[in-house]
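Worksheet: the structure to be examined is printed underneath.
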Amino acid sequence: MSHAAVEPIAEAPPQSAPGAVAPYPGSHAMPRWNVGALPDAPQFSWRHWTAMVGPGLVMGAAAIGGGEWLTGPLVTAKYGGALFWLATISILAQVVYNLEISRYTLYCGEPIFTGKFRVPPGPMLWVWVYIVADFGSLLPYLAVTSATPLAMVYLGHLPDPKNVASDWWLLKGLSCAVFAGGVAALAFGGKVYTMLKYIMSAKLVLVISFLMYLALFYSTADTWWEICSGFFRFGDVPVEGIVGDDGLTQPGSNIANVFQSLWQGHGLPQIDLKHLGFIALMVAISGSGGLTNTNISGYTRDQGWGMGAHVGAIPSVVGGKNLQLSHVGTAFLPDAASLPRWRHWLHHVRREQLVVWMPACFIGLALPSMLSMQFLPRGMNAEGWTAAGATAEHVGEAVNAVHPGWGHLFWYLTLLCGFLVLSTSMISTSDGAMRRWVDLVWTGLPAMRHVEPHKIRYLYFSVLCGFMALGLFNLCFVDASYLMQWAANLYNFAFGISCWHVLAVNTLLLPKELRPGWPTRIAMALGGLFFLTFAGIYTYDFITKPAGA
């Protein structure tokens, strides 16, 4: 196929003045940006509101994943909704982060991961930092947990991989099949981002509809209040609880509020440290978490927002032959004509984050947690292999008690819902990990800059094959019980580091007129500290925990 047959990257707006040169801040090991004119943001219209929806929809659906389906409900089974204020901080910190990484992409059309490697001293340092920080993406815990519903459909009951060898092999085989099938799906459909948008739109509608039905017709007002109020109960911490007649800790009795205790002159409460590590995992994967948030900037580019209109998108191997991706971003020069357009774009992405992504995160955590509050036994412990399946069993029993004969149907529907939640999140997480390194290689390696833009799909496919091989290796040889724990804790470390690094990108590389204000800079700095603190808590908990505990 000749290069002339390739479609243009985008219908570019009028260019800047002839001879204009983009600034060249940061490491000169990365190429200089091209220069172009910033197109105006689309005008919001209720009639055409779907055209306004972009990366926030994909990431909002992806955010209903492991943290929301597994760790959130298990935290509420122990503590009610009291600790959800930590998820509130996590999600709000991610909103600010998402807006900041979009800021960079709107300016030059490059994803934020590429921008990080422009920060001095240059890519040779950052590549090693992020190889370690991004290792959690190679631990496909979502494939493990999404295999449980499939195994239950086959067996008719909750599998017991610890004690039944055939169940262990069944789950292992299904995990590998789900992972390989989900990753392979990214090779089809034209533009990878468009395929993800279809998958995530369907997931969002189906999952939210089913969970809302259960919440409205099978949950009590007390459950609604406990969950919704939990997002605002700042300062609640776990303490030694009261053990009931059934031998289980009673929810609500094992919570104290730091601020109330200090106000009443009792000093700091005696925090129960036994479960802080598990709570740190909820913080890590509430919302998106880790480097998965960086997908927002890549999808902003692929959507053609801001200067992404000049750059192009990553095509799939099958069906993407007429798409291409520039090797380098295109920046605009801030002037009287471009600055109003810049403000329109910032407002555009802010609206989508606040109206689509953030509510999806809160709803996606609240609704599965209502299932645990309403149906799971209080004080229940469950591991990643069995948590999704246990929810289905108890939902089926509870529904059958109210409507005899309906229980088996809702058992199947809950399993289907869990599979959709976990498997589709695995697909988006996998794509995000692959595109981070594809974008870096495509721009950062001098040898790749001579490759024709439409051949980006071959690089993406090569990385896809390598990613699949590494993921399958970890699924086969790493203890499944540790996959989610290790991955989530690496997410906390990665997100904390990334907050500070993005702050450096936007204050060093962007023109002065486009940089974030001081409130945003402070929020980013505190967000990084928040996640790194919980990463340290879990690491300490893991190191000091007795063997076998």
Side-chain angles (χ1 to χ4, degrees), residues 65-68 70-72 74-75 78-79 83-91 93-94 97 116 125-142 144-145 236-240 258 268-294 381-385 387 429 433 470 474 477-503 524-549:
E68 289 72 15
L70 301 177
T71 60
L74 292 178
V75 168
K78 284 184 172 295
Y79 303 110
L83 301 182
F84 272 11
W85 64 275
L86 294 169
T88 297
I89 295 177
S90 175
I91 293 170
Q94 291 177 63
Y97 178 90
K116 291 176 178 181
L125 168 66
W126 299 120
V127 70
W128 293 109
V129 171
Y130 281 101
I131 283 175
V132 175
D134 207 17
F135 188 73
S137 299
L138 296 175
L139 301 173
Y141 70 93
L142 289 170
V144 174
T145 53
D236 278 7
V237 293
V239 295
E240 293 292 340
V258 171
L268 288 173
Q270 295 295 315
I271 299 176
D272 182 3
L273 301 177
K274 291 194 299 292
H275 301 295
L276 278 183
F278 189 78
I279 295 166
L281 300 185
M282 181 190 73
V283 170
I285 45 185
S286 294
S288 295
L291 295 180
T292 60
N293 290 73
T294 62
N381 285 304
E383 298 178 357
W385 283 87
T429 299
L470 287 172
N474 286 329
F477 296 105
V478 177
D479 188 341
S481 63
Y482 291 118
L483 283 176
M484 185 173 74
Q485 299 175 40
W486 291 352
N489 198 45
L490 284 170
Y491 278 9
N492 271 334
F493 275 116
F495 193 83
I497 293 169
S498 189
C499 280
W500 293 345
H501 202 174
V502 170
L503 182 57
M524 289 288 285
L526 293 177
L529 180 63
F530 175 78
F531 282 91
L532 287 173
T533 298
F534 274 94
I537 287 173
Y538 180 80
T539 302
Y540 175 81
D541 179 75
F542 183 81
I543 292 173
T544 58
K545 185 179 294 184

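Rounding to the nearest 0.5 angstrom, the gap separating the OG1 atom in Thr292 from the CD atom in Gln94 is 7.0 Å. Expressed to the nearest 0.5 Å, how far CG of Asp134 lies from OH of Tyr491 amounts to 8.0 Å.
Using cut-offs of 30° and 60° for the angle between ring planes, the Phe495 and Tyr97 rings count as tilted.
Smallest separation of non-hydrogen atoms from Thr294 and Leu291: OG1-O, 2.5 Å. Ala535 and Asn492 get closest at one heavy-atom pair: CB-CB, 3.6 Å. Among all heavy-atom pairs drawn from Met524 and Leu503, the shortest one is CE-N, 4.3 Å. Closest non-hydrogen pair, Phe531 versus Ala93, comes out as CE1-CB, 3.9 Å. Of all heavy-atom pairs between Trp126 and Lys116, the closest is CD1-O, 3.4 Å. Across all their heavy atoms, Ala133 and Ala494 have their closest contact at O-CB, 3.4 Å.
At least one donor-acceptor pair under 3.5 Å links the side chain of Thr533 to the backbone N or O of Leu529.
Looking at heavy atoms from C-beta onward, Val129 lies out of side-chain contact with His501 at the 4.5 angstrom threshold. Considering only heavy atoms from C-beta on, Tyr79 stays 4.5 Å or farther from Asp236 through its side chain.
Remark: Trp85 engages no residue in a ring pair (Phe, Tyr, Trp, His ring centres under 6.0 Å) (not counting sequence neighbours). With sequence neighbours excluded, the residues forming a ring pair (Phe, Tyr, Trp, His ring centres under 6.0 Å) with Phe530 are Phe534, listed by chain and number.
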Are Val132 and Phe135 close enough, and set up right, to give a side chain to side chain contact (heavy atoms under 4.5 Å, CB included), and what steps lead you there?
-> CA-CA 5 Å; Val132 175; Phe135 188 73; 5.9 Å; no
